[in-house]
Amino acid sequence: MRSFLKIFFASFLALVVFVIAFLFFTVGYVSSIASKPTEETGYNAVLVLDLNESFAEKAATDPLAGFSDSRYNTPGVYDVIRLIRYAKTDTAIRGIYIKASANGNGLGTSEEIRNALRDFKKSQKFIYAFGDVISLKAYYTANVADKIYCNPKGGVEWKGLTSVSPYLKGGLDKLEIQPEIFYAGKFKSATEPLRADKMSDANRLQLSEILGNIFNHILNQTAISRIQDTAVLRQCVDQQLIQSANDALHYKLVDGLKYNDEVMGEIAGRVKASSITGINFVSMGKYYESVKTKFNTTGSDRIAMIYAEGDIVGGKNSQKEIGQDIYRQIIRKARLDNDVKAIVLRINSGGGSALVTENLWRELTLAKSEKPVVISFGDVSASGAYYLSCNADSIFADPMTITGSIGVFSMLFNTQGFFKNKLGITFDGVHTAKEPDAISMVQPLTDMQRKFIQNDVDSIYHDFTSRVASGRNRNIGYIDSIAQGRIWSGEKALQLGLVDRIGGVQDALDCAARMAKLKSYRLREYPEPENFLELLLNNYKQSVKVKTIREDLGEQGVKWYQTMSVYQNMAGVPQARLPFEFSLIP
């Protein structure tokens with residue numbers, strides 16, 4: 001009994017301490033939230049855009065931001081666009097400084113930020129950009145600056161684009177793991193790394209074309225910004241003429257070669273600061289906290305702005321996933337809300353579960369029957385992401401958005417050989433049917449099971465192309481000819497009729513407002529913010545997981561782990577998913 005009381009009172013005391021601590025931190029957090037938005041930017045401020053910072057579609061909330069003067073929430077892509085637009089008329093902001101060494105954002109996001117910077121220049125305020133060694137993506141975004149400088153011992157990575165994929169078939173053969181692959185669409189190469197040891201001709205064709213389209217866009221836009229000949233810029237790439245900072249200056253890619261302190265000194269002169277340390281630099285996060293309450297216009301009418309990013313999955317979504325339960329509820333809520341006059345879905349996804357995609361397509365179709373539905377594509381909006389979007393009233397894409405990939409696949413792994421020959425483990429059992437009706441990963445599929453799965457894949461592909469044909473007002477034969485799992489750039493998708501306009505998220509909102517005949521409106525943004533405890537726990541679990549994997553496997557090991565986790569989660573579930581993890585080098 002005495003032991004029980006000790007344990008009871010110890011547990012009770014720990015609970016009391018936890019509650020008091022939680023209340024203390026919550027009060028501090030809430031009070032800081034209340035105070036931060038009223039922070040003054042100050043006079044002669046220079047807004048800092050660090051391109052190495054990765055901006056998600058929705059603002060990333062730091063649960064500890066309220067406890068530190070140096071920590072701020074990270075704005076989302078549309079927030080960054082709005083911040084740059086607001087800074088254009090904000091008398092406190094004198095100009096923008098771009099940290100341009102690297103770029104942690106995708107091509108579509110980079111395009112939207114670049115367009116916002118171009119618009120900012122109309123204010124006659126300055127934009128300076130600097131990087132020691134400037135990557136291609138960073139250079140493309142930053143070359144709209146009035147002055148772009150690089151370190152005299154650095155340079156600009158002015159090279160072509162490359163896409164490289166790992167092929168796992170050889171490793172699976174050695175492990176005696178046999179992938180069972182089913183797909184519809186000759187370009188649907190998501191499973192190619194599992195069934196081949198090199199790139200197929202079809203995949204090589206589509207990658208060559210899309211990389212060519214994207215790089216031509218980069219060349220053309222750079223030529224306009226730098227008042228340079230595209231032929232010269234192309235020659236610099238083909239002949240690898242940019243090997244040093246002096247080469248970058250010679251071919252007019254940069255305006256000068258300077259060290260960081262020299263660039264700071266030039267900015268200090270522009271804002272009439274007494275010294276470099278006297279420059280009032282304001283980070284995007286701090287500026288976001290200061291002015292975000294001024295984003296919304298007036299009016300009682302609402303436009304629902306739904307941010308959707310990551311894999312399309314069943315159940316509730318975790319960070320950077322589009323979970324069926326959450327997003328079905330969000331779309332339904334926006335449809336039934338009488339104050340919401342239009343819906344804009346901003347989606348950045350390579351697709352996912354075919355069934356979840358169909359269910360979300362259904363919700364958006366129901367919404368469209370009652371109010372305008374407009375889609376804005378981000379960096380990638382392909383396969384399942386395109387499926388659920390295809391019936392919208394209007395679709396906007398950035399020129400370098402990766403889209404299309406109208407195709408389906410399914411796969412399983414037969415691990416019988418691995419267990420038997422590598423581990424000495426065998427499996428046996430009984431079943432009541434003539435053939436085993438349960439699909440197992442420890443024995444080969446029967447001919448009947450293979451036929452059933454392939455029929456399922458073909459049926460989903462027919463539904464997919466039918467949905468697209470109906471939504472885009474085209475015949476199914478034409479859609480099939482541009483489908484087959486093939487990916488396209490946003491510019492090419494416009495020519496093919498897969499999207500309606502080239503434009504960003506603001507263009508999509510303007511379109512929705514016109515369709516709903518709204519002169520003024522306020523945004524109602526979804527998903528709604530998590531509470532403090534959810535944020536704290538989710539951030540902690542995610543950081544611990546990634547840190548543990550990185551410590552055990554290293555940075556490259558993390559990428560391999562994530563790749564294999566994706567394949568494992570896809571096993572046995574028909575997928576409308578981008579044919580590969582699209583990555584560019586440099």
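At least one donor-acceptor pair under 3.5 Å links the side chain of Ser123 to the backbone N or O of Lys125. Checked by atom type and distance alone, the side chain of Arg302 pairs as donor or acceptor with a backbone atom of Ser300 at under 3.5 Å. Of the possible donor and acceptor atoms, one in the side chain of Lys137 sits under 3.5 Å from a partner among the backbone N and O of Asn105. Checking side-chain atoms of Asp146 against main-chain N and O of Ile127 turns up a donor-acceptor pair under 3.5 Å. Looking at Thr401, its side chain never comes within 3.5 Å of a backbone N or O of Gly108 through a donor-acceptor pair. A donor-acceptor pair under 3.5 Å links the side-chain atoms of Gln228 to the main chain of Tyr251, judged by distance alone. Remark: side-chain polar atoms of Asn348 are paired, donor with acceptor, to backbone N or O of Val380 under 3.5 angstrom. Listed for the Ser381 side chain is a donor-acceptor partner under 3.5 Å among the backbone atoms of Ile347.
A salt bridge is defined here as a Lys NZ or Arg NE, NH1 or NH2 lying under 4.0 Å from an Asp or Glu carboxylate O, and Glu266 with Lys147 fails to meet this definition. A salt bridge does not link Lys292 to Glu525: none of the charged side-chain nitrogens sits closer than 4.0 Å to a carboxylate oxygen. Under the 4.0 Å criterion applied to side-chain N and carboxylate O atoms, Lys88 and Asp119 are assigned as salt-bridge partners.
When only modelled atom types and interatomic distance are considered, Tyr78 and Glu112 share no side-chain donor-acceptor pair under 3.5 Å. Between Asn143 and Thr222, the side chains place a donor N or O and an acceptor N or O closer than 3.5 Å (distance only, hydrogens not considered). A side-chain N or O of Thr109 and one of Asp379 form a donor-acceptor pair less than 3.5 Å apart. With no hydrogens or angles considered, no side-chain donor-acceptor pair links Asp50 and Asn52 at under 3.5 Å.
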Notebook entry, point to check: Is there a side chain to side chain contact (heavy atoms under 4.5 Å, CB included) between Leu509 and Tyr521 once you walk through the steps?
Noted result: CA-CA 10 Å; Leu509 278 165; Tyr521 61 88; 4.0 Å; yes

Next item on the list: Could you check Asp255 against Arg226 for salt bridge (Lys or Arg N to Asp or Glu O under 4.0 Å), going step by step and ending with a plain yes or no?
Entry: CA-CA 9 Å; Asp255 295 292; Arg226 298 301 301 168; 3.2 Å; yes

Next item on the list: Go through the steps for Asp90 and Tyr287 under the test side chain to side chain donor-acceptor pair (under 3.5 Å), then give the verdict.
Entry: CA-CA 11 Å; Asp90 187 351; Tyr287 195 52; 2.7 Å; yes

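If you take CG on Asp398 and CG on Asn115, they are separated by 7.5 Å, rounding to the nearest 0.5 Å. We find the CG-OG1 distance between Leu107 and Thr141 to be 9.0 Å, quoted to the nearest 0.5 Å. In this structure, OH on Tyr327 lies 12.5 Å from OH on Tyr526, to the nearest 0.5 angstrom. Rounding to the nearest 0.5 Å places CG of Leu241 at 5.5 Å from CD of Gln235. Summarising the geometry, atom OH belonging to Tyr288 is positioned 10.5 Å from atom OG1 belonging to Thr293; distances are rounded to the nearest 0.5 Å. The distance from atom CD1 of Ile303 to atom CG of Leu518, rounded to the nearest 0.5 Å, is 5.5 Å.
Around NZ of Lys121, the count of heavy atoms belonging to other residues, nucleotides or ligands within 6.0 Å exceeds 12. In the displayed structure, Arg114 atom CZ is contacted under 6.0 Å by more than 12 heavy atoms of other residues, nucleotides or ligands. Shown here is Arg118, whose CZ atom has no more than 12 heavy atoms of other residues, nucleotides or ligands within 6.0 Å. Within 6.0 Å of CZ on Phe281 lie more than 12 heavy atoms contributed by other residues, nucleotides or ligands.
Scanning all heavy atoms of the two residues, the minimum distance from Ile218 to Met400 falls at CG1-SD, 3.9 Å. Counting all heavy atoms, side chain and backbone alike, Gly310 lies closest to Ser349 at O-OG, 2.7 Å. The heavy-atom pair separating Val282 from Ala45 by the smallest distance is CG2-CB, 3.8 Å. Listed here is the closest heavy atom pair of Asp507 and Gly503: OD2-CA, 3.3 Å. Scanning both residues, Leu257 and Ala245, for their nearest heavy atoms gives CD2-O, 3.5 Å. Listed here is the closest heavy atom pair of Ser376 and Ala508: CB-CB, 3.8 Å.
In this structure the side chain of Ile214 reaches within 4.5 angstrom of the side chain of Ile402, judged on heavy atoms. At least one side-chain heavy atom of Met284 sits under 4.5 Å from a side-chain heavy atom of Leu47. Between Phe396 and Arg346, every side-chain heavy-atom pair lies at or beyond the 4.5 Å cut-off. Residues Ile148 and Ile134 have side chains in contact (heavy-atom distance under 4.5 Å, counting atoms from C-beta outward).
Taking the six-membered ring where the residue is Trp, Phe295 and Tyr86 present perpendicular rings, their angle passing 60° and hence far from 30°. The aromatic rings of Tyr139 and Trp158 sit perpendicular, their planes meeting at an angle over 60°, well past the 30° parallel limit.
Aromatic pair Tyr128/Phe126: ring centres closer than 6.0 Å.
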